[in-house]
Amino acid sequence: MFDNPSPELTTMELITGPICGFHLACYTVSVSEGVFAYAKVCKQRPESVWAADTSVSKVAAGPFEHEDAALAAVTEKTRAKLEEGLKQYTLSRLLRGLVLSGTHAPQGAWTASNPFAAEAQTQ
C-alpha cells in the first residue's frame, strides 16, 4: 500500500492523559503495509510505553503513511471509545439508582425500547 523499502520495526512513543480518568501509552509500528499505532489504556500514568503493566485495554489504528498521523488517529479513536464508555456507564448507574430508589420517570417518559418500560408502566 505505502512505499516502504525496508519494513523495519520502528516506533514513535507517546504517553498522554488523563483522558476520562485514564492515561494512554501509545506507540507505532512500521510494517510493509504502513504505520500502525496502538494505545494501551492505563489506570495510572506509566513510566514508559513498555512499562505500562496496568493497562486495562488496547486500541489499534492503521495503516497510515506517517507515524504522527497514526498516533493522532489511535489517540482520537481511544478518546472516543472512553467517552462512549463513560456515557454508557453514567447512564447505567443513573438507571440503576432510579430503579433501586423506587423513583419513577414522569408519565410518557418511558419508551418501548427501554428495558424498564413495562415494569414502570404497571406500577
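- Cation-pi geometry between K43 and F22 is not met at under 6.0 angstrom from the ring centre and within 45 degrees of the axis.
- Between V41 and L82, the closest side-chain pair of non-hydrogen atoms falls below 4.5 Å.
- Rounding to the nearest 0.5 angstrom, the gap separating the CZ atom in F36 from the CZ atom in F64 is 9.0 Å.
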Contacts table for residues 71-81: side-chain donor-acceptor under 3.5 angstrom, sequence neighbours left out:
{"unit_1": "T75", "atom_1": "OG1", "unit_2": "L71", "atom_2": "O", "d": "2.8"}
{"unit_1": "K77", "atom_1": "NZ", "unit_2": "A60", "atom_2": "O", "d": "2.7"}
{"unit_1": "T78", "atom_1": "OG1", "unit_2": "V74", "atom_2": "O", "d": "2.7"}

Discussion item. Run the side-chain contact (heavy atoms from CB on, under 4.5 Å) test on V35 and V29 for me, step by step, so that the C-alpha distance in whole Å, both residues' side-chain angles and the decisive distance to 0.1 Å come before the verdict.
Written reply: CA-CA 6 Å; V35 180; V29 176; over 6 Å; no
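- In this structure, E65 CD and S30 OG are separated by 11.5 Å, a value rounded to the nearest 0.5 Å.
- Nearest heavy atom pair, residue P63 against residue G34, reads CB-CA, 4.1 Å.
- Looking at T28, its side chain does come within 3.5 Å of a backbone N or O of M12 through a donor-acceptor pair.
- Side-chain heavy atoms closer than 4.5 Å link hydrophobic residues (I, L, V, M, F, W, Y) into clusters, and following such links, even through other members, never connects L86 to I19.
- Atom CD of Q44 has 12 or fewer heavy atoms from other residues, nucleotides or ligands within 6.0 Å.
- Residues I15 and V49 approach most closely at CD1-N, 3.8 Å, considering heavy atoms.
- Side-chain atoms of K40 do not come within 3.5 Å of backbone N or O of C26 as any donor-acceptor pair.
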